[in-house]
Amino acid sequence: MPGKKKGKGKKGKGKGKKGKKGKKKDKNSALRGEPGAAVKSVLRVYDENCARTASLPCVGLRRKLKASYEDNILLEKFLLEGYEDPPLDQPPMMVEPLLDALRSERYVFIKELSVWDVPLKHENVASVALLLEKQVYPVRQLELLDCGIESYPVTRLARSFPAHPFLSTIILDYNEIGDDGCHGLCAGLSKNVLIQTVSLNFCGLEVESGRILAEMVANSAVCNLFLDGNDLECEGVMELIKMVADTAEREAFERAEEVRMKAELEAEKELEVPTCLLLSAAKNSRVRTAISTTSSKSEGEDEGDEKGEGGSKSKKGKKGKKKKKGKKKKKEVEPPKVGPWLKKLHLAENGLDAFGKAGNYAPVICMRLFRKLITNSNCLEELDLGDNHIGDLGGRELLQALLDRKEAKLPTLSLGVSPMMHQDTFTLLMKHSGSLKKKGKKKKGKGKGKKKKKK
């Protein structure tokens with residue numbers, strides 16, 4: 001009797017284990033086969049976390065999550081949008097409830113994380129950095145817009161960049177990080193070879209940041225740099241593009257040398273007489289005799305025999321070498337190029353004028369350096385110098401650069417400049433350059449307004 005009881009107990013335990021395994025399997029299959037189930041669980045946990053931490057939930061994010069699980073699709077872009085003027089009687093909005101929901105539900109389908117108008121302290125930014133350091137969440141774009149982030153939190157965030165294998169875009173607009181924050185950010189960017197786009201519009205950067213950004217561009221894969229609304233002035237901008245312009249000039253010289261060497265080789269080939277023509281000329285110049293005719297006939301017969309014997313072989317060989325038609329292999333995506341080169345550079349409203357510390361001739365000297373960059377760089381696509389009083393002389397330097405670029409048959413450059421110059425110069429600049437389209441972040445159908453710089 002005791003043995004039977006033990007047996008029943010074992011069976012009962014076994015059933016219990018099987019039952020638990022079955023439930024776990026059903027849960028996994030729901031997450032794989034029904035994307036809406038995963039989104040719904042994130043929404044449920046997010047609401048619970050907001051209630052537990054007394055945090056104000058984001059109405060727009062809840063709406064998107066609900067629409068995603070109703071349509072049975074995965075949500076890849078998460079936008080946590082706060083209020084520009086939050087009501088006094090409501091609790092603040094926090095980012096931790098969303099991050100905890102993503103971690104607890106193991107939601108590994110997020111590709112973009114955006115936080116707008118939500119004040120982030122050091123511990124909040126550290127929570128975002130910890131999410132990136134997990135290396136299982138494939139966040140490709142991180143945007144922290146107008147969150148009141150200062151220099152020390154930015155340095156903590158930048159420590160997570162080398163550990164993250166997916167991140168390619170960093171947007172930190174409207175955060176007064178200053179030169180100290182730029183130094184900490186660039187220290188992390190220099191150790192990452194995948195991030196290609198960095199946006200620091202209206203971040204309180206000054207002349208010193210030009211040198212810091214130049215070192216970062218030289219040691220990373222960053223090729224798209226957006227720096228509108230800062231105070232780099234002519235001195236800081238020259239520090240930023242000096243190494244890039246020198247590299248572009250060296251590459252242009254190497255391209256010219258390659259073209260010259262190819263032209264010389266082609267000229268030598270044209271001068272060389274082909275050997276087959278020399279042999280035929282020597283054969284025709286011989287005097288035909290009875291011996292030469294018989295020998296030529298025997299040679300022709302031997303050649304014919306060789307052709308007859310080897311003809312089938314050659315055909316067989318050709319048939320045997322027929323390549324089997326298979327599926328085309330997909331081209332492997334090459335990693336970004338590391339080095340001092342730029343594809344997009346936006347420097348609108350950066351004090352590029354004659355009123356800075358560099359003096360009256362600073363805009364002309366700065367535009368001469370830009371002329372070297374524009375003339376030689378075959379990868380530069382966009383350059384925005386709007387809202388900067390570069391003057392007519394600076395505009396003429398840019399115009400000559402565009403003409404030289406056209407003569408070198410380089411791609412058309414999209415250029416943005418201020419019309420504060422001679423009308424003819426401005427007209428010619430617009431004629432020889434492409435149109436520059438600015439894509440601003442939109443919030444509830446309205447554009448994000450510019451903030452005044454702190455002086």
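All residue numbers refer to positions in the sequence shown, counting from 1.
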Examine distances only and state if a side-chain atom of [X] and a backbone atom of [Y] form a donor-acceptor pair shorter than 3.5 Å.
X      : Y      : result
Gln135 : Ala163 : yes
Asp180 : Gly178 : no
Asn72  : Gly36  : yes
Asn49  : Asp47  : no
Asn388 : Asp353 : no
Asn175 : Gly148 : yes
Ser41  : Ala38  : yes
Tyr107 : Leu75  : yes
Asn376 : Ala252 : no
Asn378 : Leu410 : no

Distance only, no hydrogens: is a donor on one side chain within 3.5 Å (strictly under) of an acceptor on the other, for [X] and [Y]?
X      : Y      : value
Ser127 : Glu96  : yes
Trp341 : Glu251 : no
Ser418 : Asp387 : no
Asn224 : Thr197 : yes
Asp404 : Gln400 : yes
Asp392 : Thr425 : yes
Glu133 : His164 : no
Thr169 : Gln141 : no

Find out whether [X] and [Y] are in side-chain contact, i.e. whether some heavy atom of one side chain is under 4.5 Å from a heavy atom of the other.
X      : Y      : value
Cys379 : Lys343 : no
Asn230 : Leu347 : no
Val95  : Leu120 : yes
Leu113 : Lys77  : no
Val198 : Leu189 : yes
His389 : Pro363 : no
Trp116 : Leu144 : no
Asn124 : Val115 : no

Is the count of non-hydrogen atoms from other residues, nucleotides or ligands lying under 6.0 Å from [X] atom [atom1] greater than 12?
X      : atom1 : value
Phe166 : CZ    : yes
Met420 : CE    : no
Glu215 : CD    : yes
Arg62  : CZ    : no
Arg106 : CZ    : no
Glu407 : CD    : no
Lys372 : NZ    : yes

Checklist entry - Please walk me through it: do Glu264 and Arg260 pass salt bridge (charged side-chain N to carboxylate O under 4.0 Å, His left out)? => result CA-CA 6 Å; Glu264 288 180 356; Arg260 185 182 63 80; 2.7 Å; yes
Item to check | N-O pairing of Glu397 and Arg368 below 4.0 Å | outcome: yes
Checklist entry - Charged N to carboxylate O below 4.0 Å: is that the case for Arg211 and Glu208? => result yes
Using 0.5 Å steps for rounding, measure from the [atom1] atom of [X] to the [atom2] atom of [Y].
X      : Y      : atom1 : atom2 : value
Asn350 : Glu206 : CG    : CD    : 11.0 Å
Leu398 : Leu415 : CG    : CG    : 6.0 Å
Lys66  : Asp71  : NZ    : CG    : 12.0 Å
Lys344 : Asp384 : NZ    : CG    : 12.0 Å
Met238 : Leu352 : CE    : CG    : 9.5 Å
Phe109 : Glu76  : CZ    : CD    : 9.5 Å

Item to check | Asn192/Ser220 under side chain to side chain contact (heavy atoms under 4.5 Å, CB included): CA gap, chis, key distance, verdict | outcome: CA-CA 6 Å; Asn192 186 296; Ser220 68; over 6 Å; no
Which pair of non-hydrogen atoms, one from [X] and one from [Y], has the smallest distance, and what is that distance?
X      : Y      : answer
Tyr137 : Arg103 : OH-CA, 3.2 Å
Leu167 : Ile195 : O-CG1, 3.5 Å
Val39  : Ile73  : CG2-O, 3.6 Å
Ser433 : Leu402 : CB-CD1, 4.0 Å
Ser151 : Gly181 : CB-N, 3.4 Å
Ile149 : Ile177 : O-CG2, 3.7 Å

Item to check | Derivation and outcome, side chain to side chain contact (heavy atoms under 4.5 Å, CB included), residues Leu157 and Leu142 | outcome: CA-CA 11 Å; Leu157 179 66; Leu142 177 64; 4.0 Å; yes
Next on the checklist: Cys58 vs Tyr46, test: side chain to side chain contact (heavy atoms under 4.5 Å, CB included). Steps then yes/no.
Outcome noted: CA-CA 10 Å; Cys58 180; Tyr46 175 64; 3.8 Å; yes
Next on the checklist: Is it the case that the ring center of Phe226 lies less than 6.0 angstrom away from the ring center of Phe202?
Outcome noted: no
Next on the checklist: Please evaluate residues Phe370 and Leu385 with respect to the criterion side chain to side chain contact (heavy atoms under 4.5 Å, CB included), reporting the C-alpha separation (whole Å), side-chain torsions for both, the decisive distance (0.1 Å), and the verdict.
Outcome noted: CA-CA 11 Å; Phe370 270 113; Leu385 300 174; 4.0 Å; yes
